[in-house]
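These notes concern the structure reproduced below.
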Amino acid sequence: MNFLPLIEQKREGKKLTSERIQQLIREFTAGKIPDYQMAALLMAIYFRGLDTAETAALTLAMRDSGDVLKFPGDLRPLVDKHSTGGIGDKVSLPLAPLLACLGFRVPMISGRGLGITGGTLDKLDSIPGFQTLLPAARIIAQVRKVGCVICGQTDKMVPADKKIYALRDASGTVPSIPLIVSSILSKKLAENLDALILDVKFGCAAFMPTRAGARKLAKAMVALGNKCGTNTRAILTDMNTPLGRAAGNWLEVKESVECLGGKGPADLLELVIDSAAHLLVQTHKSKSLAAARRRAEACLNSGAPRAKWDELLVAQGADLNAFNRRLALDSPANVVIELKSAKAGYVQRCDARIIGEVIRDLGGGRLDRESAINYNAGVDRLAKPGGRVEKSGILCRVHAAGSARAESAIARLKTAFEISAKRPAVKPLIVEMISR
Ligand code: URA
């Protein structure tokens, strides 16, 4: 294929045909198009964009660049959720077993941390023995038997995205809506889902800083997901404040288990219940969102999802005794120190970006692809906006590998909190739902 005219067409703002896009992805995946030409096309797309038909063709061509999961017939709908990522965002962990208990099948193919935002697979890697890399046949068998799986993409799923994402990362073309949409949806469509709920975050620690930007991305993904035959909805959620009261891989697993016991923080519970409720409505298992919320909450409180979590862990190789011993510890980190408030008042701000950067620098995230992760690093007992603190009351605790790192984290975390005399109005977490 002579690829140059395609780059020139897009550079001039012209439309690419579906056939040419399919051929492009086929040949790029097969290594027949050099990276420098693909990078040039990505930059042309970054500036000129893709229309809906082009984005759909790109998404489907990327999906079809590898294996699409094929599940045997079953009355339980296939569902999943995707989050654009944030600090303390552990929703997937309690949500997968909850959905399985609500009568869904959940092939939750997840990713690793990106920038300061945590990744579900990194959180799961903090569980002794838990395997996140499973072949397709095992994913399919576990979904049938347990009802849910949480694992990484296999080598054979959506290889085009792996190659294109690496080029986008190296060519400054990540923040392009059609490229983000095709990247996220190609992977979700390869799960062969009946319904998908997207959590698109906005705020200082989100991929999309503004609500308007998040809405634009959400609308594009919802339109395309539905066009491709998967019932797709999005919720826009605030990511100026971390979700829950803990952030950092192991600390988030611990908080997820509390949530499965119905005892998690209110914001986390709200997002877990709402995500499940939307999927119940999308698949016609509940008539209204209010009824679906009641059903999801009752299921969570029944204890069944907590038992399903243990089943999921065992199915993916975890050592349940070692997990429970770890869970019983206050912290597996070498050092735990408290950040105390200099004055009494109400928490005005608990800055998710600063907290995310601190956790990454404690070793809880990656500075580059090769970085080793310290799974025990993180913060917990976060004081959240609207909450009251007394003088010397705890604003958060830092879990670190050593005292020097913990002290430097504490110094930076002081700038993450603002305490005021007046109780601030608490902002809603879920601000909007988009269904078309
Ligand atoms: N996550 C993805 O998988 N792809 C993107 O392009 C952005 C976020």
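As the structure is a prediction and not an experimental result, all values here were calculated from the model. Along the sequence shown, residues carry numbers from 1. Both counts, for ligands and for their atoms, begin at 1 and track the order of listing.
On a distance-only criterion, D161 and ligand 1 share no N/O pair closer than 3.5 Å.
Contact atoms of ligand 1 toward S183: 2 (C), 3 (O), 4 (N), 5 (C), 6 (O) (distance under 4.0 Å to a heavy atom of the residue). Close approach to I184 involves these atoms of ligand 1, each under 4.0 Å from a residue heavy atom: 1 (N), 2 (C), 3 (O), 4 (N). Counting atoms of ligand 1 from 1 in the listed order, those under 4.0 Å from a heavy atom of F207 are 7 (C).
With hydrogens and angles left out, the side-chain atoms of D161 and S186 include no donor and acceptor closer than 3.5 Å. In this model, no donor atom of one side chain and acceptor atom of the other lie less than 3.5 Å apart for T230 and T232.
Taking a 6.0 Å sphere around NZ of K227, one finds it holds 12 or fewer heavy atoms contributed by other residues, nucleotides or ligands. Remark: K15 NZ is packed, more than 12 non-hydrogen atoms of other residues, nucleotides or ligands lying under 6.0 Å away.
Of all protein heavy atoms, the one lying nearest to atom 3 (O) of ligand 1 is K187 NZ, 2.5 Å.
Checked against P305 for a side-chain contact (heavy atoms from CB on, under 4.5 Å), the options L260, L102, L95 give a single hit: L260.
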